[in-house]
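The chains referred to below are lettered A, B, ... by the order of the sequence lines, with proteins before strands, and numbering in each begins at 1. No hydrogens, no waters, no symmetry mates; every other heavy atom, side chains included, goes into these values. Bear in mind that the values here come from a model prediction, so they are computed numbers and not experimental data.
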Amino acid sequence: MTGKSKQKVLITCALPYVNNVPHIGNIAGSHLPADIFARFCRLAGHETVFIGGSDEHGTPIEVSAEKLGVDPQTLCDQYYRVHKEIYDWLLISYDNFSRTSLPIHHETTQEFFRKVYENGYVVEGTLRLPSCEKCGRVLPDRYVEGTCPKCGYEGARGDQCEKCSSMLNPGDLRSPRCAICGSAPVFKDIKHLFLSLDKLEARLKEWIEGNRDVWSPQVVNMALGWIHEGLKPRSITRDIKWGVKVPLEGFEDRVFYVWFDAPIGYVSSTKEWAQKIGKPEEWRRFWQEEDAKIFHFIGKDNIPFHTIFWPGMLMANGEFTLPYRVAGLQYLNYEGDKISKSRGFGIFCENLSRTGTSPDIWRYYLTLLIPETGDTEWKWREFQERVNKELVANLGNFVYRTLSFTMKNFDGRVPGAELSGRDRELLERGKRYAEEVGNLIWDIRLRDALKKVFELSDEGNRYFQENEPWKAVKEDPERAAACLHVCANLCYDLAVLLSPFLPESAERICAQLGMEVGTLEDVGQARVEAGQELRDVRPLFPKLDDKKIAELREITSSVTEYEEMFKVEEEYVSYEEFKRLDLRTAEVLEAGPVEGADKLLKLKIRVGGKEKQLVAGLAPYYRPEELVGKTIVVVNNLKPAKLRGEVSEGMLLAAVDGKKVALLTPDKDVKSGSKVE
RNA sequence: AGCGGGGUGGGGUAGCCAGGUCAAUCCCGCCGGGCUCAUAACCCGGAGAUCGGUCGUUCAAAUCGACCCCCCGCUACCA
């Protein structure tokens, strides 16, 4: 199935909602497994498209944008950038990462809806909903607050009381109020559109049961559980402004419920991809042809949605291929509890790029934590251990001992030699691994697949050990040459097999071999020939010591408050005001403590030809000796002041990020006293 | 509350759906010995779980049934 017959595969990852910064749970729960799967499909030669995008509509975005006084689009733009950068850094290989706020998605959604409507699967109905006259909006359940009728808790929400956890409707609350402005809501009957899921119940049931062999039991059972309770028409419109307009007379002021438009984002993202590659109709081959296999990677909270509601939409439309496999993943916890942004508890991905680490160390451990069967848990201790013992000491060690031995003893060229039966057998071994790894991945058993690849590294280490080339190189050079020839090829095979999981490392291994990362068909073929010249051989990963772990922990636990950034942008400074500052580069000549002050340092600096004294609150962040010799940026014409009795004739500039402080320095060599503007 | 998933040596995990070959798999860690090209691996030996709890079905249960405990998700207008 995997290496032999070529498939046409579309892979989607649950579209992240953009009111949050992604954390490791989001990565392990969908982006990473989807990416591994997609990379593998490409490696196996399947025709592969991997798409995603951000889900940007809905009440939460509209409300928080309003609070900040910006329009929702601006807020989404900001978060979209954050998301995109994170996925890029983690090497999530989207063929296209789209946005539901793009025109192409609005058009696609409306077109999709029209067809569903024409087919008779849309009915009108009435909902009695609370609305706030003052805010001029209909309130979603959770935006109504009041007193819980059961336990008397005053802060109960319209969907649930957090105190006694009873399920509520907004109408149940005593003295209800709008969660945004606090005024009393009015209940009105409002016309809405519903998708007639009830009409599709029998077909959905048959379809789900037909997938028993392919889907995991959890997914099938949960879906059937829903069917069993009976499907009812489900509302697909909302009374807010931020979203896709409903193209139907009498509903012009409504938008689609985000759950209706979000999955259609899969289609629009594929369309956008097709346009980008210059074949605008290409998307149809994946969405409208029977032989296309569509894989959805989602979290467990999304299972009913992707097994009932979304396929129902597709059936109602009638022109689309149904999902082939819905991979419902469980959750990733963190050190014994749920990840929580507000408590700063967890690993948030926006600062990963600042850790100075390879994305592969994160990908490695997170792959082992992909919650395929049950919830899993990130533990720093285990992260450190696995990186050091497995990535560094097993895989890294095998590659490095092989290549460095070749450098030292064979002049940096892969030796050639007469091979024994055992040598040949091992060279061929890669083929079997390729097949086994392929089967595991196709079955979405990614953790097992990665472990399988590491077995090959184990075999390599064992083989190297048994042949003792460090002895043989003196006593039986031919044997040593054969051994290293085989090992170089094993390194290459490993790199290829590893490439879906650890793409950067795969590249680095191949680069050191002076080769390119090949495809699955190159594995086990002894592609590294005698005479191949190695280059720039060095260890793949550094070990993570306790200090580094503490640093990583610190960096990844903080999340930028993007909301605050909008406030800053609003206070403009005129160019004239800016020009009054005389910013200059300066060289630090001396640095030392200020008597009687813990936090201050006294610096002697040179600005052009002139020497000055500066006092700065750097002591908690820099040692004096670290500063000497640095070129910094100072406000040269700041009015002199005395701090703790010492004159300060200017101030230096530094970036302040919470407890972290970084001096600004020019990134090229410039003359002392250069103007900064 | 109902529905679904899970509870296996210190950590993780397989097996359980098609009960016996499971006094239970594999990885990591731990203890002892060998080797040294490598940010050291590999080899040999060792300690460690009665499979959430109770009761049953059976010649035989981690594996089937009942009840209970704990964790997680869903329960439709939160995405």
Using the closest heavy atom to pick a nucleotide of RNA chain B for each, name whichever of A:G396 or A:S235 lands nearer the 5' end.
A:G396
Expressed in whole Å, how much space separates the C1' atoms belonging to B:G45 and B:A61?
33 Å
Taking B:C44 as the reference, what is the distance to B:C64 when you measure between their C1' atoms (whole Å, please)?
42 Å
Closest listed nucleotide, where the reference is the side chain of A:D375 and the choices are B:U13, B:G4, B:C72:
B:C72
For A:I27, the option from A:L369, A:L366, A:I347 that meets side chain to side chain contact (heavy atoms under 4.5 Å, CB included):
A:L366
Compare the minimum distances between each of B:C28, B:C37, B:C74 and the side chain of A:E390, then state the nucleotide with the smallest one.
B:C28
Plane angle bin for A:W470 and A:F464 - parallel if under 30°, tilted between 30 and 60°, otherwise perpendicular:
parallel
Please measure how far the P atom in B:G52 lies from the corresponding atom in B:G15, and state the result in whole Å.
15 Å
Return the stacking result for B:C37 and A:F405: yes when the ring centres lie under 5.5 Å apart and the planes under 30°, no otherwise.
no
Within the 4.0 Å heavy-atom criterion, would you say A:P60 contacts the bases, only the backbone, or no part of the nucleic acid?
sugar-phosphate
Taking only the P atom of each, what is the distance from B:A62 to B:C16 in whole angstrom?
14 Å
Taking any heavy-atom pair under 4.0 Å as a contact, classify A:L127: base, sugar-phosphate, or nothing.
base
When the nearest nucleotide of RNA chain B is assigned to A:K232 and to A:K300 on a heavy-atom basis, which residue is associated with the more 5' position?
A:K300
Between A:R508 and A:E504 (salt bridge meaning N to carboxylate O under 4.0 Å), is one present in this structure?
yes
Does either side chain, that of A:T100 or that of A:H105, offer a donor lying less than 3.5 Å from an acceptor on the other one?
no
Report yes if at least one side-chain N or O of A:R381 is closer than 4.0 Å to OP1 or OP2 of B:G11; otherwise report no.
no
If pairing requires Watson-Crick or G-U wobble contacts with both distances under 3.5 Å, which nucleotide is the partner of B:A66?
B:U54
Given B:G29, B:C35, B:G4, identify the nucleotide with an atom nearest to the side chain of A:K389.
B:G29
Charged N to carboxylate O below 4.0 Å: is that the case for A:K232 and A:D198?
no
Residue A:E382, side-chain atoms from C-beta onward, closest of B:G12, B:A41, B:G5:
B:G12
Inter-nucleotide P distance (B:C51, B:G7), Å rounded:
13 Å
For B:C74, the Watson-Crick or wobble partner whose two distances fall under 3.5 Å:
B:G2
Check whether the side chain of A:E468 and the base of B:C35 form a donor-acceptor pair under 3.5 Å.
no
Pairing partner (Watson-Crick or G-U wobble, both distances under 3.5 angstrom) of B:G32:
B:C44
Provide the distance between the two P atoms, one in B:C27 and one in B:U13, to the nearest whole Å.
16 Å
Under 3.5 Å, is there a donor-acceptor pair between the A:Y17 and A:E56 side chains?
no
Nearest-Å distance once atom P is located in both B:C74 and B:C55
36 Å
Sugar-phosphate only, base, or nothing, as touched by A:F256 at under 4.0 Å among non-hydrogen atoms
nothing
State the pairing partner of B:A60; accept Watson-Crick or G-U wobble contacts with both distances under 3.5 Å, and report none otherwise.
none
Measuring only the P atom in each nucleotide, how far is B:C22 from B:C59? A whole number of Å is fine.
23 Å
Watson-Crick or G-U wobble partner for B:A24, using a 3.5 Å limit on both distances?
none
Without decimals, in angstroms, what is the distance between A:L332 CG and B:G6 P?
19 Å
